[in-house]
Amino acid sequence: MKNTKISVETGRGWLIKLVTDETSIYVTKRLLQALLTILLASALSFFTMKLSPGDYVDTLRQNPKISLERIEEIRQQFGLDKSWLQQFCLWLRQIITRGDFGTSFVYQRSVSSLLWERVPATLLLAITSLITTWVIAIPLGILAAVKQNRPTDKILQVLSYTGQGFPSFISALLLLFLAQITTPLFPVGNMTSIDHAELTWLGQMLDIIWHMILPLIALSMTSFAGLQRIMRGQLLDVLRQDYIQTARAKGLSEDQVIYVHALRNAINPLITLLGFELAGLLSGAFITENFFNWPGLGKLTLQAVLAKDQYLVMASLVMSAVLLIIGNLIADLILKAADPRIQLEDLN
C-alpha cells in the first residue's frame with residue numbers, strides 16, 4: 001500500500017512537471033514570436049510616418065523666431081539628417097543596448113518616462129471596462145438563454161442590438177451631451193478633481209471612480225452588447241447537446257445541468273475572445289480618452305501623431321502591441337486552465 005502511494009505521488013509530480021514544462025515552452029515560443037511582431041509593427045509605423053508629408057522640423061520653420069541654424073541643429077540632435085534606414089537602425093540599437101526609446105521632440109523628455117506616466121490610466125480604464133463588461137454581460141447572457149423567447153429574453157435582445165448599434169465614438173458623443181445637460185453631476189475632463197491631492201485615500205479613489213463613470217460606459221457599451229449575445233448563443237447551443245439531455249434524464253436539477261455541466265463548456269469560446277476583447281478595448285480606449293480628455297496613452301499618441309513626434313509615436317505603438325500580445329497570451333493560459341483537454345500547441 002505504501003509503494004502504491006509513493007507511485008501515485010511520483011506520477012502526480014511527473015504530470016505537474018510535464019504541464020509546467022509545456023507551459024514554459026509555449027510561453028517562450030509566444031514571446032519569441034512577439035519580438036518579431038513588435039519589430040514589424042515598429043518598422044511599419046516608422047516608415048508610414050516617414051511616407052507622410054512633412055516632419056517635426058517643418059512645423060518649426062513656420063516660427064519666424066527660430067533661425068535656420070537652430071533648425072539644422074535640431075535636425076542633427078534628433079538624427080533627422082540621416083537616412084530613414086539609419087534612423088530606424090539607430091533607434092533599435094539604443095533600445096536593445098540601453099533600453100532607451102529616444103527623446104520626445106515636443107516634450108523634450110525621455111519617451112519611456114512619458115509612457116510610464118500614461119499607461120496606468122489607459123490600463124485602469126481598459127481593465128475596469130473588461131471586468132465590468134464580463135461581470136454584467138455573462139449573467140445576463142445566461143439569463144437570456146434560460147428565459148429563451150420569453151419577455152426577459154426579448155428585452156435583453158433589444159438592449160444588446162441597441163448597444164451594438166452605437167460605436168464607441170457615438171456613445172461618447174451622446175454621453176458628453178448628457179454630461180452637459182446634467183452638469184455638474186458627471187465631470188468631464190481629466191481623471192481627478194482640482195483638490196484631489198487634499199482628499200483622503202478613500203476620497204481620492206472615489207474621485208477617480210466618479211471621473212471614470214462616463215468613459216467607462218462609453219467604452220463598455222458595445223463590448224457588453226456583443227458579449228451578452230455570444231454568451232446566450234453559446235449556452236443555447238450547449239443545452240441542445242446529447243450529454244445535456246442525458247444529464248437531465250439522470251434526474252439532475254436544472255440548475256446543476258446549466259451551471260455545472262453546460263456553462264463550463266459554453267464559456268470556453270468566450271475565454272478565447274478575451275485577448276481580442278482586450279485589443280478592442282485598448283483601441284476603443286484611445287477614442288474614448290480623446291473625447292473625455294482622459295490622460296492616457298491614446299491621447300498622448302494622437303498628440304504625437306499630429307506633431308510628427310516620431311519616437312513617441314513609435315514607442316506608443318510598440319507599447320500597445322506589447323499590451324495586446326500579453327492580453328492574448330493570458331487568454332490562452334486561462335483557456336488551458338479552464339479546459340485541460342486543450343493543447344497549447346493548438347492555440348498557436
Side-chain angles (χ1 to χ4, degrees), residues 25-63 66-123 275 278-279 282-283 285-286 289 296-329 348:
I25 293 171
Y26 176 75
V27 171
T28 303
K29 285 172 61 179
R30 286 293 298 269
L31 291 177
L32 291 174
Q33 293 172 2
L35 291 176
L36 179 60
T37 303
I38 292 170
L39 176 62
L40 293 175
S42 60
L44 180 63
S45 63
F46 176 79
F47 289 107
T48 300
M49 283 196 65
K50 287 299 184 181
L51 288 171
S52 63
D55 58 16
Y56 172 70
V57 175
D58 289 335
T59 62
L60 297 180
R61 290 195 178 95
Q62 300 173 10
N63 188 344
I66 303 178
S67 65
L68 293 178
E69 290 78 9
R70 177 55 184 158
I71 290 175
E72 188 59 31
E73 288 177 6
I74 292 173
R75 286 181 64 84
Q76 293 177 4
Q77 176 187 350
F78 292 109
L80 298 177
D81 57 331
K82 296 179 173 61
S83 67
W84 294 359
L85 184 59
Q86 284 179 310
Q87 290 180 46
F88 182 69
C89 291
L90 288 172
W91 182 72
L92 278 181
R93 188 176 70 180
Q94 69 183 21
I95 292 174
I96 296 170
T97 57
R98 294 179 294 171
D100 182 11
F101 283 87
T103 302
S104 167
F105 298 169
V106 176
Y107 295 94
Q108 295 292 308
R109 286 178 53 194
S110 165
V111 167
S112 300
S113 65
L114 285 169
L115 292 181
W116 285 118
E117 285 179 3
R118 300 299 186 99
V119 165
T122 296
L123 286 180
L278 181 60
L282 284 172
S283 60
F286 282 12
E289 286 173 6
L297 187 61
K299 184 181 177 184
L300 181 69
T301 303
L302 179 61
Q303 292 172 344
V305 169
L306 295 176
K308 298 284 186 178
D309 196 343
Q310 69 179 35
Y311 296 129
L312 184 53
V313 172
M314 291 163 62
S316 299
L317 294 176
V318 167
M319 181 64 71
S320 301
V322 168
L323 294 175
L324 298 184
I325 289 166
I326 291 174
N328 282 294
L329 179 59
N348 281 320

### Task
Would you indicate whether Trp116, at its atom CH2, is surrounded by more than 12 heavy atoms from other residues, nucleotides or ligands within a distance under 6.0 Å?
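No, the 6.0 Å shell around CH2 holds no more than 12 heavy atoms from other groups.
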### Message
If you count every heavy atom of other residues, nucleotides or ligands that lies below 6.0 Å from Arg109 atom CZ, does the total exceed 12?
### Response
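It does: Arg109 CZ has more than 12 such atoms within range.
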Taking all atoms of both residues into account, what is the closest heavy-atom pair of [X] and [Y], and its distance?
X: Gly99; Y: Ser112; value: O-OG, 4.1 Å
X: Ser110; Y: Ser113; value: O-OG, 2.7 Å
X: Ser45; Y: Met314; value: OG-CG, 3.8 Å

What's the separation between atom [atom1] in [X] and atom [atom2] in [Y], rounded to the nearest 0.5 Å?
X: Lys82; Y: Gln76; atom1: NZ; atom2: CD; result: 8.0 Å
X: Leu297; Y: Leu302; atom1: CG; atom2: CG; result: 11.5 Å
X: Thr301; Y: Met319; atom1: OG1; atom2: CE; result: 10.0 Å
X: Arg30; Y: Leu32; atom1: CZ; atom2: CG; result: 11.5 Å

Is the shortest heavy-atom distance from the side chain of [X] to the side chain of [Y] under 4.5 Å?
X: Leu312; Y: Tyr107; result: yes
X: Phe101; Y: Trp91; result: yes
X: Leu44; Y: Leu40; result: no
X: Asp100; Y: Val111; result: no
X: Leu115; Y: Ser316; result: yes

### Query
Looking only at side chains, do Glu289 and Thr122 share a donor and an acceptor under 3.5 Å apart?
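Yes, side-chain donor-acceptor contact under 3.5 Å.
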### Gln87-Tyr311 side chain donor-acceptor pair, cut-off 3.5 Å
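Tyr311 and Gln87 do not have a side-chain donor-acceptor pair below 3.5 Å.
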### Task
Could you check Val318 against Ile95 for side chain to side chain contact (heavy atoms under 4.5 Å, CB included), going step by step and ending with a plain yes or no?
CA-CA 12 Å; Val318 167; Ile95 292 174; over 6 Å; no
#### Entry: side chain to side chain contact (heavy atoms under 4.5 Å, CB included) between Phe88 and Gln310, intermediate numbers included
CA-CA 10 Å; Phe88 182 69; Gln310 69 179 35; over 6 Å; no
#### Entry: Donor-acceptor pair, side chain of Glu117 and main chain of Leu114, under 3.5 angstrom
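Pair absent, no side-chain N/O of Glu117 close to backbone of Leu114.
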### Query
Is a donor on one side and an acceptor on the other found under 3.5 Å between the side chain of Asp309 and the backbone of Phe105?
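Yes, Asp309 side chain to Phe105 backbone: donor-acceptor pair under 3.5 Å.
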#### Entry: Derivation and outcome, side chain to side chain contact (heavy atoms under 4.5 Å, CB included), residues Val313 and Leu317
CA-CA 6 Å; Val313 172; Leu317 294 176; 4.0 Å; yes
#### Entry: Worked verdict on Trp84 versus Leu51 for side chain to side chain contact (heavy atoms under 4.5 Å, CB included)
CA-CA 10 Å; Trp84 294 359; Leu51 288 171; 3.9 Å; yes
